Amino acid sequence: MNVPALVQSSLGDEDVAAHVPLKGEDAVFVTPTRTLVYTADGLLSDESVDEFPHDAEGIGVSEGRRKATVTLDYGLDGEESFSVPSGKLDDVLHPILAGVLNAADVTQPGETVKRTYRFSELTLVVTSDRVVKHVGAAVWGTDYEEIDYETVTGIDVEEGNVSSQLVLETTARTQRIKAPNEQFRDVRETVEDAVYAYHDAASAAEFERMNVDEDAGAATEEVSFDSGVEPIDTSGVGEDDEAAEPESRVEASAGTGGAAGTTGEPTEGADGDEFASSGFQTAAAKVEPPVNPEELDAELDDLEDTIEELAEALAEQRELAERQAEALDAQQAVIEAQQDRLAALRDLVDEE
């Protein structure tokens, strides 16, 4: 890893925990307490290092077609942002999330962050000791929920057509982690491996044997919440509605004389797109979606990126044109000098 001198001078006594190359010589360097964004010397910018401390209250992301913006929320101190190529966003977010969780005392010394996942408005951070869940537009905020592996006594799977759920039985209650089917296996295996490693279980069968004779009542007493309020489980939103949906449809059919069958419209089942709509797909399908400000912002970001790239290309072309003009001037001067020399030689010949 090549650390530029300007970054090295900014590190002080800290070591680089993660290094993510960006475009050209630009790069992100992550230490335990800060994220350093290095910009190399270029046509439109001077060499610089911007620092972003990890003591943030939240992390937000705005993605465009070419660039993504990472925003760290420092509460009363405001927000700070920096941009990276969209293809590098996940690589950059992983170590930054690890640093912010460590600074917020969510993770403890010696605890490692294994994987991070972003699914629509759900962020999962899988560490060696716990799973951290955050639901919302932000990637992470103070309203997170965590599942300590110490409390996990069983792991099961609830499969769906579009998304599936990893069910974690704990000494307090059942926790569910929902993920789209394309990435569900990766999530399941990552969480399972972390849980088994925490409990020193060589396999799923061994983990089950370790918990088969546990006293559930006694185990529950080991869990306490300092605030006296149990965190709200958002993973099951819409499930009660889905479970009650068939009964409501029967009542509606009886009251209207089978009007749904008369219209010929298909009736959506409980196995619909749970992940994308959280159980509200029936009503949403009949309503024209409103204008989404985030999508407009993303389009504006794309337009700004395009304008910026065109401006950079124009500046490069202008600089190239100036260099070519200078080269032509130099060549013209050489030609004129040669012509003068040739004229002088002809004069000498004529004189002789």
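Note that the coordinates shown come from a computational prediction; the quantities given were computed from them, not determined experimentally.
Side-chain contact between W140 and T123 is absent, with no heavy atoms from C-beta onward closer than 4.5 Å. The side-chain heavy atoms of Y117 and T190, taken from C-beta on, include a pair separated by under 4.5 Å. Between V139 and L97, some side-chain heavy-atom pair lies under the 4.5 Å cut-off. Put simply, the side chain of L124 reaches to within 4.5 Å of the side chain of F119, judged on heavy atoms. Side-chain atoms of R130 and V132, non-hydrogen and from C-beta on, do get closer than 4.5 Å to each other. D90 has its side chain out of reach of V92: every pair of non-hydrogen atoms, C-beta onward, lies at least 4.5 Å apart. Between P85 and R66, the closest side-chain pair of non-hydrogen atoms is not below 4.5 Å. Taking 4.5 Å as the limit, some side-chain heavy atom of E14 sits within range of a side-chain heavy atom of R34.
Distance CD/E182 to OG/S164: 10.0 Å, rounded to 0.5 Å. Within the model, atoms CG of D186 and CZ of R188 stand 10.0 Å from one another, a figure rounded to the nearest 0.5 Å. Rounding to the nearest 0.5 angstrom, the gap separating the CG atom in L76 from the CD atom in E57 is 7.0 Å. Between the OG atom in S83 and the CG atom in L89 there is a gap of 10.5 Å [rounded to 0.5 Å]. Rounded to the nearest 0.5 Å, atoms CD (Q183) and OG (S163) are 12.0 Å apart. How far CG of N211 is from CD of E206: 11.0 Å, rounded to the nearest 0.5 Å.
Residue R185 qualifies as open at atom CZ: its count of foreign heavy atoms under 6.0 Å is 12 or below. By the 6.0 Å contact criterion, CD on Q108 is enclosed, its count of non-hydrogen atoms from other residues, nucleotides or ligands being greater than 12.
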Practice prompt. Begin with the C-alpha distance, continue with both residues' side-chain angles, and end with the deciding distance and a verdict on side-chain contact (heavy atoms from CB on, under 4.5 Å) for Q338 and I335.
Written response: CA-CA 5 Å; Q338 293 291 342; I335 292 173; 5.7 Å; no
Fill in: Test log, rule side-chain contact (heavy atoms from CB on, under 4.5 Å), inputs V28 and L22
CA-CA 7 Å; V28 171; L22 301 178; 3.7 Å; yes
Item to complete: Determine, step by step, whether I155 and V195 satisfy the side-chain contact (heavy atoms from CB on, under 4.5 Å) criterion, reporting the C-alpha distance in whole Å, the side-chain angles of both residues, the deciding distance to 0.1 Å, and the verdict.
Response: CA-CA 9 Å; I155 302 178; V195 171; 4.1 Å; yes
Discussion item. Could you walk me through whether I59 and L93 satisfy the side-chain contact (heavy atoms from CB on, under 4.5 Å) test, starting with their C-alpha distance in whole Å, then the side-chain angles of each, then the deciding distance to 0.1 Å, before giving a yes or no?
Written reply: CA-CA 9 Å; I59 302 176; L93 269 181; 4.1 Å; yes
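In terms of modelled atom types and a separation under 3.5 Å, the side chain of D148 and the main chain of E150 share no donor-acceptor contact. Using a distance-only test at 3.5 Å, with no hydrogens or angles considered, a donor-acceptor pair links the side chain of N181 to the main chain of N161. Judged purely by atom type and a 3.5 angstrom limit, D200 has no side-chain atom pairing as donor or acceptor with the backbone of Y196. T39 contributes no side-chain N or O that, together with a main-chain N or O of E47, makes up a donor-acceptor pair within less than 3.5 Å. One N or O on the side chain of K133 and one on the backbone of R176 form a donor-acceptor pair closer than 3.5 Å. For T170 (side chain) and A172 (main-chain N/O), a donor-acceptor pair under 3.5 Å exists by modelled atom type. In this structure a side-chain-to-backbone donor-acceptor pair under 3.5 Å is present from T153 to E169. Under a 3.5 Å cut-off, the side chain of E111 and the backbone N or O of T107 do not form any donor-acceptor pair.
With ring centers used as reference points, H134 lies 6.0 Å or more from Y144.
In this structure, Y149 and Y198 have perpendicular ring planes: the angle between them is above 60°, well past the 30° mark.
Checked for salt-bridge contact, D193 and K114 miss the test: no charged N lies under 4.0 Å from a carboxylate O.
Applying the ring pair (Phe, Tyr, Trp, His ring centres under 6.0 Å) test to pairs two or more places apart or on separate chains, those with a residue in residues 72-101 are F52-F82.
Heavy atoms only, all atoms of each residue included: V61 and E63 are closest at CG1-CG, 3.6 Å. Residues G64 and S86 share a closest heavy-atom pair of O-OG, 2.8 Å. Residues F29 and N2 come closest through the heavy atom pair CZ-O, 4.0 Å. Shown here for D143 and V135, the closest heavy-atom pair between the two residues is OD2-O, 4.4 Å. Shortest non-hydrogen contact noted between V126 and A194 is CG1-CB, 4.3 Å. In terms of heavy-atom proximity, D46 sits nearest to D41 at CA-OD1, 3.7 Å.
Between S81 and T71, the side chains place a donor N or O and an acceptor N or O closer than 3.5 Å (distance only, hydrogens not considered).
Checking V167, V152, L166, I147 one by one against Q175, the side chain to side chain contact (heavy atoms under 4.5 Å, CB included) holds for a single residue, I147.
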